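Below is one structure, written out as C-alpha cells, with a few remarks after it.
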Amino acid sequence: MRPALARLFAPELRELTSYVPHGGSFPVRLDANEAPAVLSTEAAERLLQSVGKLALERYPDALAAELRGAIAAHMQVTPEEVLVGVGSDEVVAMLLTALRRPRDRSESATVLTTTPSFVMYRISARARGMRVVEVPLDDEWDLATESMLRAIEFAPPNVVFIASPNNPTSGLASLHRVEAVIRAAQDAIVVIDEAYVDYADRDAMSSYREHDNVVILRTLSKTGFAGLRVGWLVARPELVRELDKVRQPYNLPSPSQALATAVLRQHWPDVQASIARVRAERERMATRIRELPGFAVTSSQANFLWLRTPSEAGPLFEALQQQGVLVRSFHGRGGRLARQLRVTVGRASDNDAFLHALAQVSAR
Ligand code: PMP
C-alpha cells in the first residue's frame with residue numbers, strides 16, 4: 001500500500017491480526033464451542049420453511065420488536081432492557097463504541113478484563129484506540145480480586161468484562177468476587193458475559209437486579225444456533241437507549257430475527273434437552289480424560305473442557321489433527337498456557353473420536 005494511504009489507518013491496527021478460524025477440513029471439529037444440532041432434520045426443515053414467507057425485498061424490523069419481546073420473556077425482563085446484535089461480538093463492539101469517553105485525566109478510555117479470556121474484548125477495544133488492562137486469573141482460573149481492585153483504583157475503567165463461565169478456562173467466576181469487582185467499579189459499566197451460562201449451575205441475574213451498572217451479555221451461538229448470529233445484552237432501559245444510538249440501522253437480518261424468535265418461543269425445550277445431553281457428555285469426557293496419566297481437567301460449567309496436558313500441548317495438538325480431530329491449543333501463548341487445550345463437548349460420536357485419538361496419541 002502507498003504510505004499516504006497506510007497513514008490513514010488507525011495506528012492500533014498494526015498490533016492486530018484478523019480473526020481467522022483454523023482452516024482445513026477435519027472430520028471432528030471440537031475447536032469453536034459450537035453445540036451439536038438441536039433440531040431433528042424434519043424440525044429444522046419446518047423451521048426454515050417458516051422464513052420462506054418473509055418479504056426479502058423489505059428491510060428487517062429496525063426495532064427487532066418480536067425478537068426483543070421473546071428475549072425479554074426468556075430473561076424475565078422488559079423489552080426496554082434488551083439490545084440485540086449480530087452475535088454478542090457486535091454487542092461488545094456497540095458497548096465499546098458508546099462507552100469511550102476518557103475518565104478523569106486519562107488520555108483514553110480504559111477496558112479492564114482478565115487473562116486468559118475471550119479475545120474480542122481486547123481486539124474490539126484496541127480497534128477503537130482504548131487502553132486495555134488484562135489482569136491474570138488466579139491459580140484456580142478464578143478472578144484475582146485483589147489485583148482487579150488495584151487495577152480499578154489505578155486505571156479507572158469505563159468497562160469491565162467478566163466472562164462467566166470464562167472462555168477458555170470453563171469455570172464460573174465466584175459470585176462474591178464478582179460482587180467485590182462490581183462494588184469497586186460502581187462508576188464503570190461491568191459486563192458479565194454469559195455466553196456459556198446455559199451450561200452452568202447458576203447465572204448472574206441477581207447481580208444485574210441489584211446493581212444499575214451491571215450489564216448481562218447472552219448469545220444463541222453456544223446452544224445450537226451459531227449460524228443465526230444473534231446475541232443480546234440486558235441493561236437498565238436508560239443505558240439501552242444510549243447504546244442503541246450506535247447500533248447500525250437494521251443490524252439484524254430478518255431471517256435471523258424470525259428464526260431466533262421461533263427458537264426462543266417454540267424450541268427452547270429442545271435446546272434444554274440438548275444442553276442436558278452436552279452436560280452429561282462433559283462429565284463423561286472429563287472422567288475419561290482424568291484417567292489418562294498426566295492429564296488434568298478443570299471442573300467445567302460450559303460446553304467445553306479446559307485440560308492440562310502432561311507436557312507442552314503443541315505436539316499433542318498436532319497429533320490429534322493427524323487423527324482428524326481439531327481442538328484449540330494455547331501452547332503458542334506460553335507460560336502457564338503452554339500445556340493447555342480447550343476441547344468443545346460435541347456429539348457423543350465426535351467426543352468418542354476425540355477420546356479415542358487422545359488415548360492413542362498420549363500412549364505414544
Ligand atoms: N463471549 C464469549 C465468552 C465467547 O466465547 C464468544 C464466542 N467465542 C462470544 C462472546 C461471541 O459469541 P457470538 O458473537 O457468537 O454471540
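Just follow the structure's listing: the first ligand is 1, and inside any ligand the first atom is 1. Quantities reported herein were computed from a predicted structural model and do not represent experimental measurements. In what follows, every heavy atom counts, from backbone to side chain, and hydrogens, waters and symmetry copies are set aside. In this chain, residues are counted from 1 in sequence order.
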**Message:** Between T97 and R128, do the side chains contain a donor N or O and an acceptor N or O under 3.5 Å apart?
**Reply:** yes

**Asked** In this structure, are over 12 heavy atoms from other groups packed under 6.0 Å from Q248 atom CD?
**Response** no

**Asked** Is the number of heavy atoms from other residues, nucleotides or ligands under 6.0 Å of R308 CZ greater than 12?
**Response** no

**Prompt:** Is there any side-chain hydrogen bond (donor to acceptor under 3.5 Å, both in side chains) pair reaching into residues 55-67, and which pairs are they, with sequence neighbours excluded?
**Reply:** none

**Request:** Could you pull out every protein residue that has a heavy atom closer than 4.0 Å to ligand 1, ordered by chain and then number?
**Result:** G87, S88, D89, F118, Y121, N167, D193, A195, Y196, T219, S221, K222, R229

**Prompt:** Other than F304, which residues form its hydrophobic cluster under the rule that side-chain heavy atoms must be closer than 4.5 Å?
**Reply:** Y196

**Asked** Can you pull the ring pair (Phe, Tyr, Trp, His ring centres under 6.0 Å) pairs that have at least one residue in residues 151-185, sequence neighbours excluded?
**Response** Y121-F161

